[in-house]
Amino acid sequence: MSKNLPTRKEDYSKWYNELVDRADLAEHSDVRGCMIIKPYGFAIWENMKDVLDAKFKETGHSNAYFPLFIPKSFLSKEANHVDGFAKECAVVTHYRLKNAEDGSGIIVDPDAKLEEELIVRPTSETIIWNSYKNWIQSYRDLPILINQWANVVRWEMRTRLFLRTTEFLWQEGHTAHATKAEAIVEAEKMLDVYTEFVEDYMAMPVIRGYKSESERFAGAEETYCIEAMMQDTKALQAGTSHFLGQNFAKAFDVKFADKEGKLEHVWATSWGVSTRLMGALIMTHSDDEGLVLPPKLAPIHVVIIPIYKSDEEFAAVSAKANELVAKFKALGIRVKFDDDDNRRPGWKFAEYEMKGVPVRLAIGPRDLAEGNVELVRRDTKEKSVVTLEGVETRVRTLLDEIQANLLKKAKDFREANIHKVDTYAAFKERLEKEGGFYLVHWDGTKETEEKIKEETKATIRCIPLDAPHEEGVCMVTGKPSSRRVIIAKAY
RNA sequence: CGGGGUGUAGCGUAGCCCGGUAUCGCGCCUGCUUUGGGAGCAGGAGGUCGUCAGUUCGAAUCUGGCCACCCCGACCA
């Protein structure tokens, strides 16, 4: 194993793959396209999950759990939905194995064929709406605000750890409402929740918008999304929130009696974020030395590394380090004192840089004598010597500073790579040369969108929610347009 | 699923063209010396050469099938 990562500049995707491996986040399993999330990677995901879960509960949602398997017939009830997912479903056809008669091993027992095949959920709208049908009779039963944390399976052609795996972890919210307006408010509210989480915790700036018709979720009337820019200037869809209209209510015949006793179809939303956010987190902040984690999600905030020669020195340094550990813990700072004698300090320095621990302290005899400690921040790699006294409050402040700095850095990078262009020729040339996001006028048609995609591989990422009204003409067809959309190459 | 590439110890590799029982580095184990940016020396363990079949006296090496992974397309959160 070489000591250094490939740099982002020389091979971005190799950099990403090796970083995921070397930072001990995840690895490939023996099953094609599936990943093993390792303890350190899972700890980051758990931190994300905890924050999101609390936010869902604050906004009135409850968790529940629906089955992994969906009867095949359910999936075909909503026409767009089946079109969108049919090509990537794993199907369970049998329920038993047996030993082959020729002794060649274990085989699927042909006698154990299921009457109706089961689909491994690619998303749970259908099985959930099949239940909602039984739960909803009256306007008094509404709204239903449910979230579930689950794994789903989508049989993708090409996979990459965290960004696109065959099986992935996510949360999916599924809500039912009495009115269209209320459902739209819900979908927008959850987009806000995602935005707050991603910006405040992941330190990742996003553009909020809605999808063009062809990029919309299969079965949705409107798909809201947050789009982030990675360090290679490609776009990554970080989360979506869908206004489903009455599509699923009609497909599953879910009606409620309103106050006048009139039967109406229920209005729906669904919204989700996945372990893909891990990929986004990695690609937003990390550098050629390894992972860089925003303090709010880092499993370890501060690592303390002892430096010593003799047992006496180790004892003295340890005593001081343990005092610090207690002080950090009292301030709610997640701290690790790495007193492993099998690794030398230099090795540890490199290791914790690879793992993205925001702050590192080194204490040796020299520091003890002077009442100091060496402090290094991961984001800027700035090294300083500070007094031991009160170092815990200094670190507390520094963690907030790092969190803010990461967001600012990412934001500055994004701003530097968003361009306004007005002609198709200029768009193609700049996209090819410098990548980035492009704010352009588009005539709103599928045909133009398709043409751009075919010719440049860039797609309409979103129609920004805060886009100002601006008269212009479509850069491709010259037809009128009243606002700019974001176009970019995407993951 | 189409095009290209790769599979040799836990990881990274040499050997393959030209067939003769596998090289080196990292890691691992033991011991001593070390410890302020990935330690040094000495000794040691670890391999059905992705897999199945074929050719051959003999296959990591030649031929074919299959599998997996990586890159580029199509698909997608």
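Here is the naming used below: chain letters follow the sequence lines, and residue numbers restart at 1 for every chain.
Between A:Ala362 and A:Lys87, the residue anchored closer to the 5' end of RNA chain B is A:Ala362, taking for each the nucleotide with the nearest heavy atom. In terms of position on RNA chain B, the residue among A:Leu163 and A:Gly33 whose nearest nucleotide sits closer to the 5' end is A:Gly33.
Across all strands shown, B:G36 has no partner, as no Watson-Crick or G-U wobble contact with both distances under 3.5 Å is found. Pair assignment for B:C11: B:G25, on the basis of Watson-Crick or G-U wobble contacts that are both within less than 3.5 Å. When Watson-Crick and G-U wobble pairs are counted only if both distances are under 3.5 Å, B:A68 pairs with B:U6. Checking B:G31 for Watson-Crick or G-U wobble geometry (two distances, each under 3.5 Å) identifies B:C41 as its partner. Pairing for B:C1 goes to B:G73, judged as Watson-Crick or G-U wobble with the two contacts each under 3.5 Å. In this structure B:G46 sits in no base pair that meets the Watson-Crick or G-U test at under 3.5 Å. The partner of B:G20 is B:C57, by the rule that a Watson-Crick or G-U pair needs both atom distances under 3.5 Å.
Summarising the local packing, NZ of A:Lys381 is surrounded by more than 12 heavy atoms from other residues, nucleotides or ligands at distances under 6.0 Å. Environment of NZ in A:Lys428: crowded, with over 12 heavy atoms of neighbouring residues, nucleotides or ligands closer than 6.0 Å.
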Checklist entry - Are A:Asp339 and A:Lys348 close enough, and set up right, to give a salt bridge (Lys or Arg N to Asp or Glu O under 4.0 Å), and what steps lead you there? => result CA-CA 10 Å; A:Asp339 60 354; A:Lys348 292 177 185 173; over 6 Å; no

Item to check | Steps toward salt bridge (Lys or Arg N to Asp or Glu O under 4.0 Å) verdict (A:Arg22, A:Glu289) | outcome: CA-CA 11 Å; A:Arg22 300 268 297 275; A:Glu289 268 68 52; over 6 Å; no

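Between the CH2 atom of A:Trp170 and the CD atom of A:Gln148 there is a distance of 9.0 Å, given to the nearest 0.5 Å.
At whole-Å resolution of the value, CZ in A:Arg343 and C1' in B:G27 are 9 Å apart. The separation between A:Asp21 atom CG and B:C26 atom C1' is 14 Å, rounded to whole Å. Across the protein-nucleic acid pair, A:Asp338 atom CG and B:G37 atom P stand 16 Å apart, rounded to whole Å. One can place NZ of A:Lys489 at 8 Å from P of B:G73, the figure rounded to the nearest angstrom. The separation between A:Asn17 atom CG and B:C70 atom P is 7 Å, rounded to whole Å. The separation between A:Leu161 atom CG and B:C70 atom P is 7 Å, rounded to whole Å. The CD atom of A:Glu313 sits 10 Å away from the C1' atom of B:U35 (whole-angstrom rounding). Rounded to whole Å, the distance from CZ on A:Arg344 to P on B:U33 is 15 Å.
Distance noted for atom C1' between B:G7 and B:U51: 11 Å (whole Å). The gap from the C1' atom of B:C57 to that of B:C67 amounts to 31 Å, rounded to the nearest Å. Nucleotides B:C75 and B:G12 have their C1' atoms positioned 33 Å apart, rounded to a whole Å. To the nearest whole angstrom, the two C1' atoms, one in B:A39 and one in B:U48, are 37 Å apart. With both ends at atom P, the span from B:C16 to B:C28 equals 32 Å, rounded to whole Å. With C1' as the reference atom, B:G50 and B:G44 are 29 Å apart, rounded to whole Å. Taking atom C1' in both B:G38 and B:U34, one finds a spacing of 15 Å when rounded to whole Å. For the C1' atoms, the distance from B:A9 to B:A14 is 14 Å, rounded to whole Å.
Residue A:Pro306 is classed as having no contact, given no heavy-atom separation below 4.0 Å to the nucleic acid. Using a 4.0 Å heavy-atom criterion, one finds that A:Thr165 contacts the bases of the nucleic acid, with or without backbone contacts as well. Within the nucleic acid shown, A:Lys381 has no heavy atom closer than 4.0 Å to any nucleic acid atom. Residue contacts shown for A:Gln237 are limited to sugar-phosphate atoms, with no base heavy atom under 4.0 Å away. No engagement by A:Phe217 is indicated, since no non-hydrogen atom pair under 4.0 Å with the nucleic acid exists.
OP1 or OP2 of B:C70 has not a single side-chain nitrogen or oxygen of A:Ser13 nearer than 4.0 Å. Note on A:Lys309: every side-chain N or O is 4.0 Å or more away from OP1 and OP2 of B:U34.
Considering only the side chain of A:Arg160, B:C71 comes nearest among B:G38, B:C71, B:G36. Which of B:U35, B:G73, B:G38 sits closest to the side chain of A:Lys457 comes down to B:G73. With B:C75, B:U35, B:G37 as the choices, the nucleotide that has an atom nearest any side-chain atom of A:Asp341 turns out to be B:U35. Which of B:G36, B:C70, B:C75 sits closest to the side chain of A:His28 comes down to B:C70.
For A:Arg360 against B:G37, a side-chain N or O and a base N or O form a donor-acceptor pair under 3.5 Å. With hydrogens and angles ignored, no donor-acceptor pair closer than 3.5 Å exists between the side chain of A:Lys348 and the base of B:G36.
Under the 4.5 Å side-chain criterion, counting only non-hydrogen atoms from C-beta, A:Phe168 is not in contact with A:Arg276.
Of the residues A:Glu455, A:Glu447, A:Glu454, the one that meets the side chain to side chain donor-acceptor pair (under 3.5 Å) test with A:Lys451 is A:Glu455.
Across all non-hydrogen atoms, the minimal contact from A:Val153 to A:Ala90 is CG1-CB, 4.0 Å.
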